[in-house]
Amino acid sequence: MLNYPWLVLLFPLVGVIINAFVGRYLGKRGAGILASAMVGLSFVGAVWMFVELLGLEDRVVTRPLFDWISVGDFNVQVKLLIDPLSSVMAVVVSGVSFLIHIYSIGYMAHDERFVRFFAYLNLFVFAMLTLVLAENLLVTYVGWEGVGLCSYLLIGFWFERKSAADAGKKAFLVNRVGDVGFALGLMLMFVTFGSLSMSEVLESTLAVRLMPGVATAIALLLFVGAVGKSAQIPLYVWLPDAMEGPTPVSALIHAATMVTAGVYMVARTHTLFALSPSALTWVAAIGGVTAFFAATIALTQHDLKRVLAYSTISQLGYMFLGVGVGAYAAGIFHLTTHAFFKALLFLGAGSVMHALAGELDIRKMGGLRSKIPVTFWIFLIAALAIAGFPGLAGFFSKDEILWQTFAGGKTFLWALALLTAGLTAFYVFRLVFMVFYGESRVDKKVAAHVHESPRVMTVPMAILAVFSVIGGYIGVPKILGGGNWIEHYLDGSLGWHAPEAAIAETAHASAGTEWALLILSVIVALAGIALAYVFYVRRTDLPSRVAKSLGGLYSLVYNKYKVDELYMAAIVKPLRAIGKFFADSVDGPVVDGIAEGIAALVALMGRGLQALQTGLARNYALGILAGAVLLLVYALVK
Amino acid sequence: MTLSSLHYFILSAILFAIGGIGVLVRRNAIVIFMCVEMMLNAVNLSLIAFARYLNGVDGQLLVLFVMAIAAAEVVVGLAILVALYRKRPTTDVDEMNLLKG
Amino acid sequence: MNQMGFPLLTLVVWLPLLGAVLAYAFRREQVKAVKTWALAVTGITFVLAVLLWVFFAPTEAGYQFVDRAAWIPQFGLEYALGVDGISLFLVILAALLFVVAVLTSWRLVPAEGLRGYFALLLFMETGVLGVFTALDLVLFYVFWEVMLVPAFFLIGRWGGAKRVRAATKFFIYTMAGSALMLVAILALGYAAYSATGAWTFNIADLAGMRIPWYTQLALFGAFALAFAVKAPLVPFHTWLPDAYVEAPTPVTILLAGILGKMGVYGFIRFAIPLFRDAAVFFAPTIQILAVVGVLYGSLIALVQTDLKRLVAYSSLAHVSLIVLGLFAVNAQSMSGAVFQSVSHGIYIAALFALLGALEARKGTRDIAAFGGVWKAAPVMGFFLLIAVLASVGLPGLNAFAGEFVLLLGVFKAQKVFAVLGALGMIFGAWYMLTLFQRVMQGAAKPEALADLTGLERVTVAPLLLLALVFGVQPNLLYGIIVPAVEAVVKAVASR
Amino acid sequence: MLEIILFACFALAAIAGAVWVILGKNASWSALGLLVNFCSLGALYIMLNAPFVALIQFIVYAGAIVVMFLFVVMLLMVRRGEGEDKKPFQRYMGIALAVLLAAGLVYIGVSVAMPHGSLPATPQDNARVLGLTLFSEYLLPLWMAGVLLLIGMIAVVMLAKRKKEA
Amino acid sequence: MAIDLQVLAPEAIILAVVLLALLLNALGGKRSTAAMGWLALVGVILAGAASLYYWGDTAPTFQGMVGADGYGLFANVVFLLAAGLAILMGLEAVRRFDLPAEVFVLILIATLGMMLLGSAINLVAVFLALEILSISLYVLTASERDEWRSLEAGMKYFILGGFASGFLLFGIAMIYGATGTFSLAAVGAQGASLSALRDAPLLAAGLIFLLIGFAFKVALVPFQMWTPDVYEGAPSLVTAFMSAGAKAAGFVALIRILETAFPYWRAEWGLALAVIAVLTMTWGNMAALGQRSVKRMLAYSSIAHAGYIVIGVAVAGRAGYASVLFYLICYTLMNVGAFAVILAMGHKSAPNEDIDDYAGLIRRKPGLALAMGLFMLALAGIPLTAGFLAKLYVFSAAVVEGYAWLAAVALVNAVISAYYYLRVAGRMFFGEARANASPVHVSAPLGVALALTGLLTVILGVYPAPLLNLIQAAIRPIVGF
């Protein structure tokens with residue numbers, strides 16, 4: 001399989017083509033199965049590659065496909081790179097995608113644009129795998145924008161709803177801002193290194209001593225791209241709105257895969273980031289602050305999927321925190337586990353919505369534990385995983401990041417991340433309790449039809465649940481007796497240039513400290529869960545009282561810090577106003593006015609000349625006489 | 001002081017200018033014709049004077065031709081005037097201003 | 001004689017004119033036959049143009065398929081045609097877009113005056129193809145100017161409500177722009193005459209000439225003005241929205257797709273290589289205009305309420321970007337610019353064809369009148385989506401392969417311009433997606449619009465396919481464009 | 001000296017006649033001024049040794065042309081004066097420019113050496129010399145003058161004849 | 001002195017035809033009109049043939065008055081072309097507009113004047129030829145004798161023409177006074193050592209006054225003001241003839257006089273004419289912008305074209321003069337063609353000259369509309385028409401002789417002119433015809449004239465090389481070999 005890695009890309013592409021052109025003849029079932037099968041084949045291929053790679057000594061394999069762009073010294077080859085990092089990503093992406101495809105067969109069963117949905121999903125998988133497997137960063141960029149496109153299409157899938165169409169456009173545009181940063185980073189990279197090939201850049205970064213400013217500039221420009229795609233401050237605003245899309249999309253694209261592309265990209269180019277400590281600090285800081293910031297918003301929201309969206313932003317912040325402190329493997333580890341449990345949370349939410357005819361407001365839920373038990377259990381597992389309940393996937397990965405942050409000396413960020421861990425446990429269990437416990441606040445009409453989801457939905461969820469539980473064991477830290485397998489495996493990709501500082505700190509920190517921190521984070525997580533229990537099961541009057549006592553602060557957080565409004569007022573409206581001004585007051589009156597004015601002036605002069613043409617012969621004779629005098633003067637002076 | 005062509009030339013220029021003024025200020029077409037004739041005559045004077053003081057005869061010959069031309073011209077002019085007068089009884093050239101602008 | 005031993009290029013250029021004349025061999029009532037005839041002529045021309053590509057020797061520098069003959073020896077005027085890597089694809093694009101224009105005209109044009117319509121269209125094709133192939137400056141000017149005539153009549157007769165005004169403005173504005181160019185051409189010919197004692201306007205002979213500094217500035221200015229109006233560059237663009245909006249859709253396709261490229265082509269073929277010092281001297285000025293054009297056009301496009309006007313301003317922004325690339329004068333920026341000229345021609349044609357279809361169905365260009373069209377017309381929505389995506393520079397479609405390389409080249413030379421130009425990519429996405437949203441998405445209006453007819457699909461689909469093919473395999477074009485561009489770059493560098 | 005006095009007299013008469021023409025209240029008055037002007041010039045021609053031309057001047061100009069003017073004046077019965085000139089600008093500008101023109105010509109005249117050859121002309125031969133030159137060197141112009149008169153004839157026939165239908 | 005009548009063969013043919021036609025008119029009365037027209041046409045063709053036949057390397061002169069050199073003979077062809085086209089158009093139009101049969105005779109006489117003017121090498125002959133031309137044009141202008149505007153135009157033309165002739169004659173007198181001769185060559189020889197104008201003020205003043213006379217004839221600012229009124233008032237047939245022919249004769253003679261008698265002041269009159277050129281084309285074009293009457297618009301346009309042509313005179317030199325000759329031919333074709341359309345549109349007492357009368361002409365008379373469109377484009381100087389190459393030639397001459405700025409001004413002017421030419425084209429092709437539009441009849445001779453001018457306009461615009469060879473040969477007698 002390593003010899004034919006393009007097959008992994010080909011399968012979903014075939015799915016796209018078939019579904020786009022002849023999908024409507026296949027029928028819903030056929031189209032769904034075809035799409036899922038294609039992704040399944042892709043998954044098989046990815047796993048196969050992964051296994052093959054394990055058996056190799058040198059775990060970096062490149063396979064050129066074709067020359068893409070050659071202009072002078074600018075040459076871009078479409079080449080696939082299979083190394084530990086990309087192979088893990090490929091497996092995760094195709095695997096989660098496969099499950100969600102299957103889930104979607106059930107979830108989207110009643111949608112009129114069923115076939116189109118699967119075509120989009122396949123296209124997404126194709127683009128995402130391109131992003132992951134690309135050797136050349138420009139090809140990565142192709143996948144990068146490709147997933148953005150699919151995100152746009154899928155968010156706006158129900159385009160009849162203005163909010164959905166708006167959200168899709170917003171996602172694309174905000175991502176575009178990041179993408180332009182990415183593109184400029186690539187340009188600077190090319191100007192600096194003369195290539196956009198990963199391996200060549202890697203060699204250059206290892207060999208060349210750069211002006212630190214240049215490395216920082218490249219790294220930060222690339223990071224702008226990552227911030228856009230991975231919804232970090234200040235470009236996170238599109239992700240909550242992206243929940244307008246169908247829930248499987250939220251699960252796949254806006255939780256498990258696409259949004260993690262930023263983290264992947266930073267990890268991919270880590271040698272470059274490693275050249276610039278200040279850039280790394282920025283990454284870590286933005287990650288940490290975003291994690292906390294988004295978590296606070298998640299505390300207050302009533303929309304089930306939006307809470308999860310802010311949670312995603314928050315968790316992505318963790319990942320950036322991880323890569324920002326040089327713990328690239330930890331970042332990727334968390335990325336992997338997060339893919340499982342966050343996807344699962346979304347699918348669970350989808351299942352809830354499925355049961356409640358699309359209801360999303362958690363204030364109109366409650367007491368569903370008994371009505372949809374499978375969903376409840378699955379959701380609970382995912383919640384525990386994200387909350388960092390010991391032994392579950394999230395516990396290991398999150399803790400690794402916390403530890404590395406602390407070890408890297410970023411104590412403030414560590415504290416913030418720890419606090420966020422508590423908040424995470426709180427808001428996630430706030431969901432669990434408000435949705436599944438207590439009195440039913442469901443609409444009467446809806447309540448009558450509450451039902452468990454079909455098997456086509458629950459089975460993929462169950463599988464994901466399993467991974468949410470066991471996914472963490474690929475990275476069990478040494479102190480818990482594990483070998484931290486994933487870190488070692490990823491060393492093949494990420495071990496090139498680990499920052500000296502981080503390694504040094506890690507070496508010095510004692511095992512005792514690590515244990516202490518471990519226990520502390522468990523306590524924080526459990527405290528969060530307990531507090532949520534108190535607030536939403538025991539003393540259900542507490543939340544509103546707390547909210548009231550916090551007053552303005554609460555409403556600020558509840559209104560998402562009014563960032564959307566700020567952007568609207570500071571960027572969108574002024575730009576539109578400038579456009580309006582240009583269109584109404586500059587282009588017509590001034591620019592065209594000058595052109596038309598010249599024409600009018602000429603016409604006016606013509607009318608003046610016409611006025612001289614009085615029709616009187618003697619006037620004309622006067623003209624002749626005047627001309628004669630002038631010419632005579634000319635003769636006398638010349 | 002003896003006369004030379006200069007004196008005649010000056011007289012000629014003055015008469016030419018007076019004829020010109022006539023064309024510019026008079027409105028009676030017939031008078032304008034007369035003024036045009038005066039201008040030609042003024043030039044004739046110059047020509048004859050030059051011929052005399054250059055001791056040539058070409059100038060005089062040209063004057064003869066000018067006279068022929070003047071005759072033909074006046075005939076044509078008066079014919080047009082008469083034709084116009086038939087359409088509208090006026091000789092005021094300022095009233096002939098239908099064409100303008 | 002050329003490598004074919006056969007005047008293929010001459011045939012390509014003049015065949016449409018012949019077709020125009022012969023269109024009158026049909027009777028007035030033979031509507032269908034006239035249409036078919038026009039399609040056949042443009043189609044054959046296109047095939048012949050593609051043959052140029054087939055027989056083009058990519059490794060050889062300089063002009064190929066050169067046809068030369070004395071024309072007016074008294075003035076040193078030559079009939080000289082030829083193509084190189086820069087013009088080859090513009091020729092093919094032009095030939096293609098005329099086929100598209102004929103197909104777009106199929107239903108649009110009333111039977112009355114049909115022969116005249118297609119005759120003018122074919123006449124225009126000869127003019128356009130001549131512009132891209134003429135190697136003699138005066139011949140170039142002849143094609144350049146004469147092309148205005150059919151455009152004027154096509155817009156004025158078959159355009160929208162304010163068509164006569166728009167047609168006149170277009171004609172006068174463009175002619176005003178190129179008036180001084182003729183003087184410059186003559187001055188250039190005279191300079192060659194003074195230097196060598198023989199009149200010539202052949203660019204190959206003129207290109208190597210040393211021209212005094214101030215003369216260069218003046219001549220470059222005259223040429224640049226002509227091209228800046230045609231392209232157009234801010235602030236010479238105000239004829240553009242009127243003309244694009246008022247022209248009948250097929251003509252809008254041609255105006256936006258290929259006529260604007262004539263300005264771009266003029267810069268790279270004439271203004272830059274002939275007056276290298278002046279080009280370098282003026283480059284920052286023109287680049288600033290271009291950057292202003294990118295941002296200004298984008299911002300205005302953002303608030304337009306008229307379908308065609310929006311795309312017209314977007315075209316301003318896109319073409320400004322191309323000019324920005326030209327004047328960074330390096331292999332990437334210029335190759336990217338040429339590539340992008342072709343690719344812009346492709347997707348803008350598709351865009352206008354689709355907008356034309358929308359306008360024809362609804363009878364208005366007001367964006368607010370549309371909404372939710374995608375629901376009833378999935379194919380149209382899908383096509384428009386691809387065209388929009390190509391326009392916003394989505395990788396994998398052609399514009400990206402042009403824009404990225406172009407911006408990369410600009411970035412190499414002047415980072416600030418590249419950054420500002422890249423802002424255009426954000427704005428571009430903004431207004432194009434807004435357009436798409438307001439037309440295709442949202443709640444459907446009560447009366448459902450019919451989906452694209454088979455003919456319309458056949459018209460637009462090849463363009464979109466090309467957008468994809470050139471996006472995935474841009475080297476098809478770059479392989480031929482780059483050597484030609486590098487020759488220009490080298491010439492400028494060695495000035 | 002006598003020559004000068006005679007010149008002065010006729011010159012003044014010519015100017016007076018010219019001014020009379022342009023000041024004349026109506027066309028018939030002007031015609032009389034024109035007659036004075038023409039005759040004075042004729043006299044000057046004699047002084048300039050051009051008796052034949054002078055003769056023609058008296059016969060053709062003073063005779064035929066002035067009479068023709070008078071004839072047309074009578075024919076059209078134009079009695080009316082012109083009334084006030086509504087265009088003072090035209091008048092003053094015209095006079096000023098004409099004066100300037102004359103002044104310029106005079107300036108030119110005095111600033112160059114004008115022909116002043118003093119060879120005795122031969123008035124006795126005048127007509128003979130003219131005739132000889134006319135029919136040799138100036139044969140073509142003579143023919144052309146004939147054509148001119150032909151035009152005059154055609155013009156009168158064409159313009160003056162009433163249309164049959166009318 | 002031997003009399004070499006051969007020299008005057010073309011002129012003699014014309015004169016003979018004139019007399020024959022008059023005889024015919026006297027004998028045949030009203031019915032003879034058409035016969036006179038055909039006779040005149042035959043005369044024109046014969047005279048043209050004679051001109052070409054006698055074109056050789058020798059340049060005999062007639063008594064030192066006219067010279068039958070290649071230049072004059074070539075010019076004859078231009079005048080005869082204008083006359084022939086006018087007569088062709090007139091064959092039917094005289095009836096439609098109820099013009100007197102004498103029109104044909106007068107056109108022939110005017111042509112005779114032009115031919116003599118173009119060949120004249122003596123100022124006496126120049127003056128007489130000019131007067132023959134002028135006076136016959138006065139009469140022709142007034143020839144629609146039951147139309148007030150025709151008579152008014154004739155009257156204005158007459159008064160101003162007489163006024164301008166006075167200047168011309170005074171100029172001749174001063175030249176005579178300064179040099180003692182009327183012979184152009186002798187004047188040139190006498191002044192050969194002069195440099196500045198003020199070195200010989202009398203001669204200079206003579207030159208200036210002479211220029212005024214010609215500037216009036218070819219309508220240069222500020223001596224052009226008669227043009228719009230006269231062109232509009234005159235019967236279209238006559239306007240076509242005089243706008244092309246008289247202009248051509250004036251320029252042809254002007255070049256010969258300037259180049260033979262005043263070559264030493266080339267820079268001086270060149271500059272004056274250059275300034276006049278700028279004023280003339282600008283005035284003509286700007287004033288034409290606001291016209292509603294197509295005919296009057298063309299009158300202004302003819303002023304503008306005089307401005308372009310005079311560039312060729314101003315810049316002088318081989319290229320300059322050759323360009324003038326080429327321009328004159330092209331202008332004759334396209335302008336006469338345009339007037340032919342105007343003629344076709346009009347009727348007695350319904351001239352239909354307003355631009356709105358042309359609205360929708362493409363639907364009523366497609367052929368006529370196409371022809372008019374072609375002429376408009378040609379006049380605007382659009383490539384592939386004679387108008388473009390004519391301009392190109394003049395402007396390239398300007399560039400060659402160091403007058404690039406003049407070419408630039410002229411091209412800006414050409415842009416202005418495009419506006420009003422296009423307006424006509426636009427109205428014809430885009431406008432809606434009036435409901436009560438009067439019918440348009442294109443008679444066979446008029447059609448032939450249209451086809452001829454149209455075809456030649458295109459042919460000269462595409463492949464003028466043979467004609468250019470002729471022209472370059474034709475100017476050799478003027479500028480030397």
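In the text below, chain A, chain B and the rest are named by the order of the sequence lines, each starting its count at 1. Reckoned from all heavy atoms, side chains included, excluding hydrogens, waters and symmetry mates.
We find the CD1-CD1 distance between E/Ile132 and D/Ile151 to be 6.0 Å, quoted to the nearest 0.5 Å. One finds the CG atom of E/Leu8 at 6.5 Å from the CH2 atom of D/Trp143 (value rounded to the nearest 0.5 Å). The distance from the CD atom of E/Glu11 to the CG atom of D/Leu140 is 8.0 Å, given to the nearest 0.5 Å.
A pairwise comparison of heavy atoms in E/Pro201 and D/Ser111 identifies CG-OG, 4.1 Å as the closest pair. When all heavy atoms are compared, the tightest approach of E/Met65 to D/Pro141 is SD-CG, 3.7 Å. When all heavy atoms of E/Ala129 and D/Met144 are compared, the pair lying nearest together is N-CE, 3.2 Å. Nearest heavy atom pair, residue D/Leu159 against residue E/Ala142, reads CD2-O, 3.4 Å.
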**OP:** Mind running side-chain contact (heavy atoms from CB on, under 4.5 Å) on E/Val105 and D/Met158 for me, showing each step along the way?
**Re:** CA-CA 11 Å; E/Val105 176; D/Met158 190 184 97; over 6 Å; no
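For E/Phe170, the part sitting under 4.5 Å from any heavy atom of chain D is the side chain, from C-beta outward, and nothing else.
Within the 4.5 Å cutoff, the side chain of E/Phe209 has heavy atoms near those of the D/Leu105 side chain. The closest side-chain heavy-atom distance from D/Ile154 to E/Val139 is not below 4.5 Å. Between E/Met174 and D/Ile108, the closest side-chain pair of non-hydrogen atoms is not below 4.5 Å. By the 4.5 Å heavy-atom criterion applied to side chains, E/Leu22 and D/Leu150 are counted as neighbours. Using a 4.5 Å heavy-atom cutoff, the side chains of E/Leu128 and D/Val147 are not in contact.
The number of heavy-atom neighbours closer than 6.0 Å to CE of D/Met47, taken from other residues, nucleotides and ligands shown, is above 12. Summarising the local packing, CZ of D/Phe7 is surrounded by more than 12 heavy atoms from other residues, nucleotides or ligands at distances under 6.0 Å. For CH2 of E/Trp148, the number of neighbouring non-hydrogen atoms (other residues, nucleotides, ligands) closer than 6.0 Å is greater than 12.
Here the side chain of D/Glu137 pairs no donor or acceptor atom with the backbone of E/Gln63 at under 3.5 angstrom.
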